[in-house]
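Below: the structure, in structure tokens.
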Amino acid sequence: MANRAGRTTGTTLVIPLRRGWAVWCRVLFAASRRFAFITAPLRRQSFIHMAHWSIVDDLGGNALGHTCLYFESNFDASMDEYVDVFVQALPWHMRLVWAGGVAYPGLYPSAAYRDWSDDHGNAIQHYYGAYAGATTTEVAAALRVSERLDRFEADAPYLDDEAFAAGYRRLLHEVGPWL
Amino acid sequence: MALMDQWRPRPAPTAAATLTSLTTISPLRPDLEADVARRLLASLPVGVHSPFAVTPRTHFGRMQIVDELMSDRRRPLGGAVLVLSADVDGDAPSYLLELLDAAGTDLAPVLGLCAGAPSDPSAPDFARAATRYLLAHRVPATLHYVNTPGHTAVQVDRAVARHRRLAAFALAYQGAEPARLRSAFLDAFAPEAGVHR
């Protein structure tokens, strides 16, 4: 499928908004840019590499008749799993953004929400990820390990065998949770 | 303390850590059918041969044709559009210039789908003209989210490779004698840093 690269899936949604909801979205997004606690639960889920939202009135010069939320995401696993994870783990975050969509069916049953979301999806014909073979969790773990490994690697050539072995054991102890 | 940190306004990101979400939405030529454009995009080389792979600044990239909008029912847009979108290190103009300079041969036919876009990669100013065209059709991101901010695509790629290498090394050398362990480690990791024994 063109919207998959390695273990990463891309989705593009264009969702028409009910009157007035775009104003709320602008306020919410401005707050999200400023305060990390709003997006912290997303980070804890560790499921999305990158995503972005735009508020648009037209696409390429075509008036849409509604203000729309244009959304792109790059995430692990399939669209069904993506929806399920967020509906179960972050229902209020989902509602805060998507509840203003035209014909929004509510989050439960999640199959209805998934259908609504799928209906607004657009097929991607070409998709690329520079590190698409790694999940979001693996990337976060690798970056933590890499910092510690860099430090040990710099010291390693100057340690004798016993000091090296002790340092190596410490390294593995430190990075063990992320290996 | 960690909770309080989340309430503090964020500092402005440093230039080194800047990641840009770039989305351009350009109208297709009116004489072109959307499916013809879709077939062209689907025929582009993928993976390490993707046009987006020509620059190490690309994290993710996508191209797609949109010609319908779903509201209470699905209806056609006034005209089909090309979405060319990427999450990239640094600023959008220099990224596009780099991309179009290096992948002009692959991307010129894609630009050629769009109304009024430059499409001759042999033209001396193709990359600049195509960059100007795409920036004129840019859609600003209102919010963007990055799970592990502050790292370039190259840094992430390197970290993932080293993470996997260390995991494999740790398994392979469980219980090894210190001298053998040190020698194997330096062989596996130190050459990358240009360290000598």
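Throughout, protein chains are lettered first and strands after them, A, B, ... in sequence-line order, and every chain is numbered starting at 1.
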Is there a side-chain contact (heavy atoms from CB on, under 4.5 Å) between A/Ser73 and A/Met50 once you walk through the steps? CA-CA 6 Å; A/Ser73 180; A/Met50 289 174 192; over 6 Å; no

Go through the atoms of A/Asp161 and report whether side chain, backbone, both or neither lie under 4.5 Å from a heavy atom of chain B. both

Side-chain donor-acceptor pair under 3.5 Å between A/Asp57 and A/Thr67, yes or no? yes

Select one option (side chain, backbone, both, neither) describing which atoms of A/Leu69 are under 4.5 Å from chain B's heavy atoms. neither

Does any backbone or side-chain atom of B/Arg180 lie under 4.5 Å from a heavy atom of chain A? Answer side chain, backbone, both or neither. neither

Rounded to the nearest 0.5 angstrom, the OG1-CZ distance for A/Thr39 and A/Arg44 is 10.0 Å

Candidate pair A/Ile48 and B/Tyr145, rule side-chain contact (heavy atoms from CB on, under 4.5 Å), full reasoning: CA-CA 9 Å; A/Ile48 301 179; B/Tyr145 167 83; 4.0 Å; yes

Side chain to side chain contact (heavy atoms under 4.5 Å, CB included) filter on B/Glu33, not counting sequence neighbours, yields B/Val36

If we define contacts as heavy-atom pairs under 4.5 Å, which of B/His163, B/Gln155, B/Glu177 has the most with chain A? B/His163

Could you list which of residues 59-67 of chain B have a heavy atom closer than 4.5 Å to any heavy atom of chain A, in residue-number order? B/His59, B/Phe60, B/Gly61, B/Arg62, B/Met63, B/Gln64, B/Ile65, B/Val66

Does any heavy atom of chain B fall under 4.5 Å from the side chain of A/Tyr168, the backbone, both, or neither of them? side chain

When B/Ser26, B/Gly79, B/Ala167, B/Ala115 are compared by non-hydrogen pairs under 4.5 Å with chain A, the top option: B/Gly79

Run the side-chain contact (heavy atoms from CB on, under 4.5 Å) test on A/Leu179 and A/Leu172 for me, step by step, so that the C-alpha distance in whole Å, both residues' side-chain angles and the decisive distance to 0.1 Å come before the verdict. CA-CA 9 Å; A/Leu179 275 185; A/Leu172 290 193; 4.0 Å; yes

Mutual orientation of the aromatic rings belonging to A/Phe164 and A/Phe152 [parallel < 30°, tilted 30-60°, perpendicular > 60°]: tilted

B/Leu69 versus chain A, heavy atoms under 4.5 Å apart: side chain, backbone, both or neither? side chain

If we define contacts as heavy-atom pairs under 4.5 Å, which of A/Ala123, A/Ala140, A/Gly61 has the most with chain B? A/Ala123

Of all heavy-atom pairs between B/Ala153 and B/Asp89, which one has the smallest distance, and what is that distance? N-OD2, 2.9 Å

Side chain, backbone, both or neither: which part of B/Pro76 has a non-hydrogen atom closer than 4.5 Å to chain A? neither

Looking only at heavy atoms and a cut-off of under 4.5 Å, which of A/Glu162, A/His126, A/Glu72, A/Arg26 has the most pairs with chain B? A/His126

Between A/His66 and chain B, with a heavy-atom cut-off of 4.5 Å, which part of the residue counts as in contact: side chain, backbone, both or neither? side chain

Which bit of B/Glu68 comes within less than 4.5 Å of chain A, counting heavy atoms only: side chain, backbone, both or neither? backbone

Is the ring pair A/Trp53/A/Phe29 parallel, tilted or perpendicular, if the boundaries are 30 and 60 degrees? tilted

Which heavy atom of A/Ala134 sits nearest to which heavy atom of A/Thr8, and what is that distance? O-OG1, 4.3 Å

Please rank A/Leu13, A/Leu28, A/Leu64, A/Val175 by heavy-atom pairs under 4.5 Å with chain B and give me the top one. A/Leu64

With chain B, the option among A/Ser146, A/Ala51, A/Gly133 that has the most non-hydrogen atom pairs under 4.5 Å is A/Ala51

Side chain, backbone, both or neither: which part of B/Val154 has a heavy atom under 4.5 Å from chain A? neither

Out of A/Ser54, A/Ala130, A/Ala63, A/Ala165, return the one with the most heavy atom pairs under 4.5 angstrom to chain B. A/Ser54

Top residue by heavy-atom pair count (under 4.5 Å) with chain A, among B/Val139, B/Val146, B/Val81, B/Val46? B/Val146

Output every pair passing salt bridge (Lys or Arg N to Asp or Glu O under 4.0 Å) with a member in residues 122-150 of chain A, not counting sequence neighbours, ordered by first then second residue. A/Arg7-A/Glu138, A/Glu138-B/Arg164, A/Arg148-A/Glu174, A/Asp150-B/Arg158, A/Asp150-B/Arg162

Taking the side chain as every heavy atom from C-beta outward, state whether B/Pro118 and B/Arg132 have any atom pair closer than 4.5 Å. no

Cut-off 4.5 Å, heavy atoms of chain B, and the answer for A/Cys68 is side chain

Where do B/Ile25 and B/Thr23 land on the side-chain contact (heavy atoms from CB on, under 4.5 Å) test, with the steps shown first? CA-CA 7 Å; B/Ile25 303 182; B/Thr23 298; 4.0 Å; yes

Kindly list each side-chain donor-acceptor pair under 3.5 angstrom involving residues 92-107 of chain A, sequence neighbours excluded, with atom names and distances?
unit_1: A/His93; atom_1: NE2; unit_2: A/Ile38; atom_2: O; d: 2.8

Partner chain B: residue of A/Leu159, A/Asp58, A/Leu171, A/Val56 with the largest heavy-atom pair count (under 4.5 Å): A/Leu159

Should B/Arg38 and B/Asp35 count as an ion pair when the cut-off is N to O under 4.0 Å? yes

